[in-house]
Each structure stands twice: as structure tokens, then as C-alpha cells.
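In what follows, a structure is listed as C-alpha cells, so that the remarks can point back to it.
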2 protein chains.
Amino acid sequence: MSANAELARLVARAQPRFRTTAEFVEATLREAILTGAIAPGTPLRQEELAETFGVSRMPVREALRQLEARALAEFHPHRGAVVAEISATDAADIGAIRMALEPMALRLSLPSLTTDDLAQADELIAEMDGEADPGRMGELNRRFHMTLYGRAGHPRLLALVEQHLLAADRYLRFQFAALGYHPRSQDEHRALLAACRAGDGAAAERLVMEHVGEAAEQLTAFLKEREAG
Amino acid sequence: MSANAELARLVARAQPRFRTTAEFVEATLREAILTGAIAPGTPLRQEELAETFGVSRMPVREALRQLEARALAEFHPHRGAVVAEISATDAADIGAIRMALEPMALRLSLPSLTTDDLAQADELIAEMDGEADPGRMGELNRRFHMTLYGRAGHPRLLALVEQHLLAADRYLRFQFAALGYHPRSQDEHRALLAACRAGDGAAAERLVMEHVGEAAEQLTAFLKEREAG
DNA sequence: CAGTGTTAGATTGGATACAATATCCTGGCA
DNA sequence: TGCCAGGATATTGTATCCAATCTAACACTG
């Protein structure tokens with residue numbers, strides 16, 4: 001069996017409201033990879049993808065190159081592209097990047113946060129409380145974080161942050177499996193929001209760094225054990 | 001285990017000569033953009049580039065998509081790609097990212113730095129002393145920083161750091177114009193190296209953050225004034 | 001039977017030609 | 001002047017074709 005079934009569903013659902021075919025293909029594949037709909041290591045055959053998407057090979061190749069630049073696919077010359085592998089060290093890598101970027105984003109954003117932003121973050125926490133589906137949970141978590149960082153006004157920084165929040169989502173089901181993620185994470189979310197509300201930048205930065213760091217550490221340990229076993 | 005480590009080194013050094021045409025085009029264009037050989041805002045016409053490189057349009061398009069993913073080019077549907085603009089806010093953006101990432105990279109790398117690494121960093125500082133050419137200066141500066149971060153062992157993080165060191169190079173000639181860059185920066189390099197040599201992680205992290213931050217601040221102020229004038 | 005050619009098939013990488021489409025520019029017209 | 005129709009231009013996407021090369025299976029050799 002190859003890339004598909006699941007992917008075909010995503011293709012069907014994806015809205016044709018993209019500027020170009022290549023971007024439509026890229027966005028759809030990216031989502032499929034990030035959500036795990038296409039497993040790591042899966043070959044991404046051009047002809048097959050072209051047929052699945054109902055397009056020619058060229059936009060597919062452009063999309064694959066973009067995925068490569070985002071570290072979501074790997075190219076092996078004359079052997080084609082495969083979905084980038086996941087690993088304990090990769091998870092640690094992403095965790096380190098998040099621990100570096102997110103406190104900075106928060107620092108830049110905090111002074112400009114509005115009461116509306118804080119209220120929205122509050123709502124997102126509440127929504128997460130009742131959420132069991134990992135995919136939906138990942139999205140809510142991402143929106144919570146991005147809401148707090150959103151006023152930073154540094155588009156490149158924010159794009160990187162979001163990209164790595166998304167990258168972290170590839171590990172979401174392991175995150176859940178690593179146990180205890182949900183409730184402790186929610187406590188940390190609340191503490192973080194409280195610090196933001198109080199305008200305590202130093203505390204907020206520390207909390208977000210710990211929040212990300214602890215999750216990454218748990219996850220990495222879990223994956224290491226899994227790889228060893 | 002077999003055909004020894006020595007061979008592995010030779011293989012690794014038997015340098016890539018690009019794997020594909022698309023990668024050759026991408027690397028060349030990237031360098032041209034980063035060094036300023038192609039000015040911001042310049043249209044990147046496919047046909048023209050294809051002819052210049054002596055290739056067809058297909059690898060050119062793949063290369064352009066990769067440049068887009070690296071924020072070095074912007075696509076405007078049906079109007080083509082242009083070299084990404086530079087601005088004071090963009091410089092500040094890159095500065096913020098570097099201030100976040102580089103201390104983290106240094107923290108992870110410092111414990112594993114060898115005396116060879118430190119000696120090489122020393123040499124690079126000495127080389128920079130006698131250097132007047134901005135392009136060469138940028139390369140030496142980049143190598144100095146990457147030498148210190150190189151043992152971090154987090155490939156994604158290091159790739160991001162290098163990418164933004166390169167991105168900063170787009171602003172190099174303004175960096176020089178903003179004055180005082182060279183001598184003060186060299187003092188900071190020496191102080192940073194000393195802290196690394198002493199194994200004082202906290203100080204090293206602080207120094208690198210200040211080093212990056214001050215340069216970015218000066219540069220941003222210079223560009224703001226220039227944009228206003 | 002391990003190890004080494006050899007060959008066939010599949011897939012990518014790239015070139016070329018052409019059709020479709022969106023943007024910009026310009027010139028005529030109210 | 002203002003505007004709008006339409007052509008020039010460029011990009012976007014499709015359809016083929018071909019060369020390079022990777023994989024795998026098989027045959028050969030010692």
C-alpha cells in the first residue's frame with residue numbers, strides 16, 4: 001500500500017482557494033505529513049501524487065521542493081522524496097528551537113497584548129479542557145500559543161514559531177502516549193496566562209520555556225525508550 | 001565495521017558538486033541574493049534565469065520555490081517572483097531570531113567544544129582583523145560563530161542559525177555603513193571566545209546575545225533613518 | 001554458497017512545446 | 001480627464017519525450 005487512501009480524503013476536502021496549484025499541493029501535503037496522515041519514511045512518488053491531486057508532475061515537484069526546504073521531506077537524487085523521519089533527537093531538536101524562540105516571541109508580544117487576546121487565550125484553555133482528539137488538541141494548543149505571541153510584530157519570527165509548533169504536532173500522539181501531558185500542560189497554560197495578565201514578562205518567559213522544555217524532555221525520553229526497545 | 005573512518009572523511013570531503021541542476025540553481029541564486037549581487041525587488045524572470053544558467057525552466061521554478069520557503073524570494077501569482085525586500089523591521093526581525101537562537105546553540109555546544117575548535121575560532125578572529133572586504137568579512141564572521149555552535153548536535157537548530165547568519169549578511173554593507181561595527185565587534189568576539197574558553201556558559205550566552213543585539217540595534221536604527229530620509 | 005557482474009524495469013531529472021490565464025499597458029473613446 | 005477594451009507579456013500548468021540512474025532480480029564465477 002502506498003501514500004494514499006487517507007491522503008485522497010484530504011485532497012477531496014481541501015478547498016481550491018489557493019493561489020496556485022503548486023501551493024495547493026504543498027499545503028495539502030504539508031498538513032498530511034504534520035498530522036501523520038502520511039507516515040514518516042513513506043515515498044512521495046511524483047506520478048502517483050500527480051494523479052491523486054489531478055494535476056501534472058510539475059506543481060508536484062515544486063511542492064516537494066518546498067517541503068524539503070521545510071524539512072518535511074528528504075530528497076534522494078534519482079530515488080525521489082520520502083516523508084522526513086521522526087526521531088527522539090529530532091524531537092529534542094525541535095524542543096530546543098521552541099525553547100529559544102517562544103520566550104523571545106512572548107517578550108516582544110506581551111507589552112502589546114490586548115484584553116481581547118487574553119480573553120481569547122482563556123477560551124482556548126477552556127476548550128482544550130474538554131478535548132480528547134489529539135489533532136484538534138494540537139490545533140487549539142497552537143492557537144493558544146500563537147495568540148500570546150501574535151502581537152510581537154516580527155513576521156519572520158512568528159512564522160518560525162508557528163512552523164515549529166506545527167513540527168511538534170508530528171509528535172503529538174507520542175506526546176499523549178508519554179502520559180500526563182494533558183492535565184499538567186493545562187496547569188502550565190493557566191499559570192502562563194496568569195503571568196501574562198499580570199504583565200510579568202520575566203515570569204511569563206520562564207514559564208513558557210519550562211512548559212516547552214518539560215514537554216520536550218518527556219517526549220524525548222519516551223521516544224528514546226521506544227527506539228531502544 | 002570496515003573501510004575505515006579515514007575513507008569516510010575523504011568521501012565527505014569529495015564535495016557534492018551539486019546533486020541536481022535545481023540545487024545548483026538554488027544555491028547560486030541564494031548566494032547572489034545574500035551577497036546583494038541581485039538587489040532586493042529585482043524580478044526573477046524564469047525564462048531569463050533559465051537562459052543565464054543554461055537550463056530549462058523547470059529546475060529554475062523548483063529553485064524559486066525553495067527560495068520562497070527560505071524567505072529570500074516572494075511570489076506574486078501570475079506576476080512572478082522578486083527578490084525579497086530588505087527593511088529596518090526585517091533586520092530587527094532577523095536580529096530577534098538570532099538573539100533567541102544563538103545563545104541556545106552556544107549553550108548546547110559549549111560543553112563539547114574542543115581545544116581545536118577554540119583555536120580555530122581564534123584564528124578566524126585574527127583573520128577578521130585584517131579583512132576589509134565586506135563579503136569576506138561576512139563569511140569569516142559566520143564561520144567564527146558556527147565554529148562555536150558547531151558541537152551543539154542539533155541539526156535543525158544549527159541549520160536555522162546558519163540560515164539567519166546568512167540572512168543577516170544581506171545587511172552587511174549597511175552594517176559597515178552604520179559605523180563602528182568592525183572594531184567593537186572584534187572586541188566582543190574576543191570576549192565571547194574567552195568566556196567559552198573559560199567554560200563560563202552563562203557569561204558566553206549573555207555575551208553572544210548582547211553581541212547580536214547591539215549589532216542589530218545599530219543596524220535597525222541606521223536603516224530606519226535611511227528609510228525616513 | 002558467498003560474492004560479483006549483468007540486465008530489465010521503474011522513477012526521477014530535465015527539456016521542449018503548447019495551452020490557459022492573469023496582469024499590465026496603451027490607445028481609443030466618451 | 002477618466003475609463004475601459006484588448007493586445008502584449010509573463011507566468012502557470014499540461015503533455016510528452018528522453019537520458020541518467022537507482023533497485024532488484026537473476027546469472028555467473030570461484
Side-chain angles (χ1 to χ4, degrees), chain A residues 1-4 7 11-12 14-30 33 38-39 41-70 72-85, chain B residues 1-3 7 11 14-30 33 38-69 72-85:
Chain A
M1 140 129 160
S2 45
N4 290 314
L7 178 57
V11 172
Q15 312 209 350
R17 281 305 164 229
F18 287 94
R19 303 187 304 171
T20 67
T21 306
E23 289 179 12
F24 157 66
V25 173
E26 197 267 344
T28 309
L29 279 178
R30 186 173 58 202
I33 293 172
I38 315 184
T42 307
L44 296 165
R45 268 181 267 285
Q46 300 174 6
E47 199 77 49
E48 186 179 317
L49 291 173
E51 195 174 352
T52 306
F53 282 94
V55 301
S56 70
R57 265 174 59 201
M58 185 178 298
V60 170
R61 280 165 67 165
E62 289 180 37
L64 290 178
R65 286 291 179 188
Q66 287 183 290
L67 293 174
E68 183 196 24
R70 293 186 207 283
L72 291 177
E74 295 167 10
F75 268 77
H76 304 279
H78 291 101
R79 287 193 294 156
V82 300
V83 177
E85 297 286 352
Chain B
M1 178 73 168
S2 58
L7 178 57
V11 171
Q15 265 308 336
R17 260 347 268 130
F18 296 94
R19 303 185 305 172
T20 68
T21 305
E23 289 179 12
F24 158 66
V25 173
E26 197 265 346
T28 308
L29 280 177
R30 185 172 57 203
I33 293 172
I38 315 183
T42 307
L44 296 165
R45 270 182 271 283
Q46 300 176 5
E47 199 77 48
E48 186 180 316
L49 290 173
E51 195 172 353
T52 304
F53 282 93
V55 300
S56 73
R57 273 175 33 214
M58 186 176 302
V60 170
R61 279 167 67 166
E62 289 180 35
L64 290 177
R65 286 292 179 186
Q66 286 183 291
L67 293 174
E68 183 195 25
L72 292 178
E74 296 167 9
F75 269 78
H76 303 280
H78 290 102
R79 289 195 310 159
V82 299
V83 177
E85 298 285 353

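Reminder, nothing fancy here: chain letters follow the sequence lines and each chain counts from 1. Both backbone and side-chain heavy atoms feed into the values below; hydrogens, waters and symmetry mates do not.
A heavy atom lying under 4.0 Å from DNA chain C marks the following residues of residues 49-56 of chain B, by number: Val55(B), Ser56(B).
Between Glu47(A) atom CD and dG9(C) atom C1' there is a gap of 15 Å when expressed in whole angstrom units. Summarising the geometry, the separation between CZ on Arg45(A) and P on dG9(C) is reported as 18 Å, rounded to the nearest angstrom. Spacing between atom CE of Met58(A) and atom P of dA15(D) amounts to 12 Å, rounded to whole angstrom units. Taking atom CZ of residue Arg19(B) and atom C1' of nucleotide dA20(D), one finds them 16 Å apart after rounding to whole Å. Separating the CD atom of Glu23(B) from the C1' atom of dT12(C) is a distance of 13 Å, rounded to the nearest angstrom. For Arg61(B) and dG13(D), the CZ to P distance is 6 Å, given to the nearest whole Å. Straight-line distance from the CD atom of Glu62(B) to the P atom of dT12(D): 14 Å, rounded to whole Å. In this structure, His78(A) places its NE2 atom 15 Å from C1' of dG9(C), rounding to the nearest Å.
At the heavy-atom level, Gln46(B) lies under 4.0 Å from base atoms of the strands shown. Within the 4.0 angstrom heavy-atom criterion, only backbone atoms of the sugar-phosphate kind lie near Ala22(A); the bases stay farther away. At a threshold of 4.0 angstrom between heavy atoms, the contacts of Arg57(A) include nucleobase atoms, whether or not backbone atoms are also involved.
For the salt bridge (charged side-chain N to carboxylate O under 4.0 Å, His left out) with Glu26(A), the lone residue among Arg70(A), Arg19(A), Arg65(A) that qualifies is Arg70(A).
The phosphate of dC24(C) (OP1 or OP2) has a side-chain N or O of Arg79(B) nearer than 4.0 angstrom. An OP1 or OP2 oxygen of dG13(C) is reached within less than 4.0 angstrom by no side-chain nitrogen or oxygen of Thr21(B).
The side-chain heavy atoms of Val83(A) and Leu72(A), taken from C-beta on, include no pair separated by under 4.5 Å. Side-chain atoms of Leu29(B) and Leu49(B), non-hydrogen and from C-beta on, do get closer than 4.5 Å to each other. Looking at Glu62(B) and Met58(A), their side chains never come closer than 4.5 Å, going by heavy atoms from C-beta outward.
Checked by atom type and distance alone, the side chain of Thr52(B) pairs as donor or acceptor with a backbone atom of Glu48(B) at under 3.5 Å.
The aromatic rings of Phe24(B) and Phe18(B) sit tilted, their planes meeting at an angle between 30° and 60°.
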Inset, instruction - Begin with the C-alpha distance, continue with both residues' side-chain angles, and end with the deciding distance and a verdict on side-chain hydrogen bond (donor to acceptor under 3.5 Å, both in side chains) for Glu68(B) and Gln66(A). - result: CA-CA 8 Å; Glu68(B) 183 195 25; Gln66(A) 287 183 290; 2.8 Å; yes
